[in-house]
Amino acid sequence: MNVTRLALLGMNHEANTFSPHVIDRARWEIFGTRRGEDLVAHYGQSRSTVAGYLAAGKWDDVQVVPLAFTQFTPAGQITAEVFDEIVGELLQLLRDNGPFDGVLLALHGAAVSEEFPDADGRIARLVRETVGDVPIGVSSDMHANISPEMVAASDVLATYRTNPHVDAYERAIEVADLIVRAARGQVRPTQTLRQVPAAINIMRQYTSVEPMSGILKELATVLDTPGVLTATVAEGYPYADVEEMGMSAVVVTHDDPELAARLADELAAAVWARREEFGANAATAAGAVASAAAATDGPVLLLDVGDNIGGGSPGDSVVLLAESVRQAAGPTLVTIFDPESAAVARAAGVGNSVDLNVGGKIDPDCGPPVPFTGTVTAVHDGKYADTGPTHGGQMHFDAGDTAAVQASDGTVVVLTSKLVGAYSAAHFPLLGIDPRSFRIIIAKGVQSPLASYGPLAKQIVQVDTPGVTSADLSRFTYHRRRRPLYPFEADASL
Ligand SMILES: [Zn+2]
């Protein structure tokens, strides 16, 4: 058989359009774009989308050409200049290294640039124009706000089915398999998108419990239907103020558009039927800390919803730490992005006492800084790997120069110099910290910390804290989202 030659490329960016922190050239340089062998070395051993795509290159008569991939920590929009440069390079690499029999595209699905609110759709469209009529597969995050353009410009689109996202690798394998078969003329994918006029609160997106667990059972039924190649229910990302924000369903069939349309309608109806369960139900900071302090068994994991780094927040909120200190709730463990305090602690050195003002320096709603006196117990270069389950299957993390400081009540703040999502708890042992010995662990996220932090805790509480990822969507002013959209407009209809 002739070798089926596939291009691997993409960009992963989840844009919180309410965040003031745009992705400009300086931020892009921190994250960097990985190309060719560097891309393989960085992602090859992980459980990410890119790793799944790379694995397809080991199949018989399949060649996967790793072109370029950029992964951002969620933040605000990408500047027009940076977006143009990233996409321009992707297209140039496609032209220079082609022709290809198919394309494996890794996109988040909630990217926004200053110029293009539907940045993922824009990339898919430009890739289509560049490669012509060969199959294009898109593997996306479950938080994708799927646009008609993303679906029109690709042949197979599938998102993760888990949140926290522990099936990125498997979904990429699935998409790659369909693209290989399509390139060989063995299947003819046809896909239909149904946008549901509803947004589900970030706090109700955990896929192991209702309503999402029930919706995923409906999805499983669709996936088992003869003629269906793959299917998706995307949760959407409510902090992106774009027209396609909200939930959606995609069904891909083998050459059967009517079946795809009927099943997409069924999935949309199944989602719509559960809409009254999509609202937030978070504890207050004071209430959550008080109940953690009174719990018979710890640690209690407090999820700092308003400072959800995976959702584009600053990562330095001290609202929960301040509440723990105020209530004298007991030994508390928190990781805070605070390069200034990290530098002071590192300069003092291990074993020495420091007086710090930690966190709360970026968003006034998430401060003010907390006065914190303690002993520096460890320093580290902040680079760590996690071989256990993590959100998105990521393996390598870089928190920059890091220091741990312990107060007299046993509370420990881990101060980092780079912003890194709370996807992994693997940095604690490197700092000599046993998370299980604490009364409270604070993690900055909603579902994303659960894969790694969840097993450490006896109890998990989502807390409605202030910030650009607040659970209370009524705090945000939307200009571009479609209307009517439930729950903002209660009279929305399917
Ligand atoms: Zn996600």
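Each ligand, and each atom within it, is numbered from 1 in the order the structure gives.
- Residues passing the side-chain contact (heavy atoms from CB on, under 4.5 Å) test with I173, sequence neighbours excluded: A55, W59, Y169.
- Partners of D24 according to the side-chain contact (heavy atoms from CB on, under 4.5 Å) rule, which considers only residues two or more places apart in sequence or in another chain, are V22, A26, R27, T79.
- Within H143, the N, O or S atom lying nearest to the Zn ion (ligand 1) carries the name ND1.
- Aromatic ring centroids of Y53 and Y43 lie 6.0 Å or more apart.
- R275 forms a cation-pi arrangement with Y486, by the criterion of a distance under 6.0 Å to the ring centre and an angle within 45° of the ring axis.
- Among the atoms of H165, an N, O or S atom is found under 2.8 Å from the Zn ion (ligand 1).
- At a cut-off of 2.8 Å, D141 coordinates the Zn ion (ligand 1) through an N, O or S atom.
- The Zn ion (ligand 1) has no N, O or S atom of H391 inside 2.8 Å of it.
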